[in-house]
Enquirer: 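Have a look at this one before I ask anything.
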2 protein chains.
Amino acid sequence: MVQCHQTQFDASFGALSDATRRGVLEHLGREDASITTLAERFHMTLTGMKKHVGVLVQAGFVTTEKVGRVRTCRLGVRGLEEEAEWIERYRRLWTERFDELDQVVEELKQKERANGRK
Amino acid sequence: MVQCHQTQFDASFGALSDATRRGVLEHLGREDASITTLAERFHMTLTGMKKHVGVLVQAGFVTTEKVGRVRTCRLGVRGLEEEAEWIERYRRLWTERFDELDQVVEELKQKERANGRK
DNA sequence: ATGACACTGAACCATATGGTTCAGTGTATA
DNA sequence: TATACACTGAACCATATGGTTCAGTGTCAT
């Protein structure tokens, strides 16, 4: 369950680690867009935006289709389910870890009270 | 609500985009560890592992404390709450988007049935 | 006090990333 | 048919990333 998705997570978290790409996802969440539209929206050359879109496609977040001379980008079917799962798993890890810590702190307090009474 | 966390997300998703670092988080979720332990565990030089830990510290996922000659790494207090939130928000976006799509498909089917009856 | 141990920092290396320009190709439109 | 438009690909650039080696510094154990 751990080794099977490594390279996929590398790609998807990598794709999410750039503000422009997160912005593109947000835009595509509202409406489909051509490369030109996205390039203008994010103050970037066509070529630059095409690279970002390429990364998002590679990660499976976006699909594109070219009709005539314009390539339209839209959200891919893959979504963020697996990333959400991964993150959730680690959130649980964190919580457990700090519940343990709380216990330790609680024990320390008890000891202190005991010492205070001495 | 969008621009305020950009660089933080850059750092945190960037930190998660590497298999070794995800592995380190998993390890620290089970137990604290020294740099040496982690380096051995992931077949890497001390220096290399120290860099990875640095990235995780920078992202706020890990804290370290040096006592004597060993630096112990543990999960930081920050956790993954905000990343979980972000991802959740986009999961909703996706869902809405594909619900719309489903509607369109549904309408197409209806039209087709109508044409079939012609 | 000596040696081993755990880390640290600088320097280096190859490759990846985020961007650009420039020179195309193919498509729509006047 | 000529022109403008949307994209594509190659080449380039600066910086970041993921790793290494090597030469320390400080700490523990004999």
Side-chain angles (χ1 to χ4, degrees), chain A residues 3 5-28 31-74 76, chain B residues 3 5-28 31-74 76:
Chain A
Q3 290 289 341
H5 287 147
Q6 300 300 77
T7 49
Q8 179 193 306
F9 282 137
D10 285 6
S12 52
F13 285 128
L16 296 181
S17 74
D18 180 272
T20 302
R21 287 192 294 262
R22 290 195 302 276
V24 168
L25 284 188
E26 176 143 35
H27 184 107
L28 296 182
E31 52 181 353
D32 297 350
S34 68
I35 309 268
T36 300
T37 310
L38 293 173
E40 281 168 3
R41 176 81 202 289
F42 294 92
H43 315 102
M44 192 175 297
T45 57
L46 258 186
T47 314
M49 181 49 74
K50 212 190 142 230
K51 282 194 190 180
H52 280 304
V53 169
V55 172
L56 290 168
V57 168
Q58 202 65 14
F61 292 146
V62 164
T63 59
T64 71
E65 184 194 8
K66 188 164 185 177
V67 24
R69 57 184 172 179
V70 18
R71 176 175 299 281
T72 301
C73 310
R74 50 178 60 90
Chain B
Q3 290 290 342
H5 289 144
Q6 299 301 76
T7 48
Q8 179 193 305
F9 282 137
D10 284 6
S12 51
F13 285 128
L16 296 181
S17 74
D18 179 273
T20 302
R21 287 192 293 263
R22 290 194 303 276
V24 168
L25 284 188
E26 175 143 37
H27 184 108
L28 297 183
E31 53 180 353
D32 297 351
S34 68
I35 310 266
T36 300
T37 310
L38 293 172
E40 282 169 2
R41 176 80 201 288
F42 294 92
H43 314 103
M44 192 175 297
T45 57
L46 257 185
T47 314
M49 180 49 74
K50 213 191 142 230
K51 282 196 190 178
H52 280 304
V53 169
V55 172
L56 290 167
V57 168
Q58 203 66 14
F61 292 146
V62 165
T63 59
T64 71
E65 184 195 9
K66 189 163 183 178
V67 24
R69 55 183 172 177
V70 18
R71 176 175 299 280
T72 300
C73 310
R74 50 178 60 89

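In what follows, every chain begins at residue 1, and chains take the letters A, B, ... in the order their sequences are listed.
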Enquirer: Would you call A:T72 and A:R74 a side-chain contact if the rule is heavy atoms closer than 4.5 Å?
Expert: yes
Enquirer: Can you name the nearest heavy-atom pair linking A:S12 to A:A59, along with the distance?
Expert: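 Answer, listing the atom of A:S12 first, then A:A59: CA-CB, 4.0 Å.
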Enquirer: Near DNA chain C, counting only heavy atoms under 4.0 Å, which residues of residues 40-53 of chain A show up?
Expert: A:M44, A:T45, A:T47, A:G48, A:K51, A:H52
Enquirer: Taking A:R21 for its side chain and A:L16 for its backbone only, find out whether a donor-acceptor pair lies under 3.5 Å.
Expert: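 A pair under 3.5 Å: no.
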Enquirer: Write down the atom of A:S34, the atom of A:V70, and the distance for their closest heavy-atom approach.
Expert: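 Shortest heavy-atom separation between A:S34 and A:V70 comes out as CB-CG2, 3.8 Å.
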Enquirer: So which heavy atom on B:M49 is nearest to which on B:I35, and how close?
Expert: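 Taking B:M49 first and B:I35 second, the nearest heavy atoms are CG-O, 3.9 Å.
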Enquirer: For residues 60-69 of chain B, which residues have at least one heavy atom under 4.0 Å from DNA chain D?
Expert: B:G68, B:R69
Enquirer: Please report, to 0.1 Å, the donor-acceptor pairs under 3.5 Å made by any side chain of residues 39-48 of chain B, with sequence neighbours excluded.
Expert:
residue, atom, partner, partner atom, Å
B:R41, NH1, B:H27, ND1, 2.8
B:T45, OG1, B:G48, N, 3.1

Enquirer: Within this structure, what is the CG-to-C1' distance between A:L38 and C:dG19, rounded to whole angstrom?
Expert: 17 Å
Enquirer: Considering non-hydrogen atoms only, spot the tightest contact between A:V62 and A:C73 and give its length.
Expert: CG1-CB, 4.2 Å
Enquirer: B:I35 has an atom CD1; how far is it from atom P of C:dC5, in whole Å?
Expert: 18 Å
Enquirer: Can you check the B:Q58 CD to D:dA16 P distance for me, whole Å?
Expert: 13 Å
Enquirer: How close do A:S17 and B:D10 get, counting heavy atoms only, and between which atoms?
Expert: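 So the minimum-distance heavy-atom pair works out to O-OD1, 3.3 Å.
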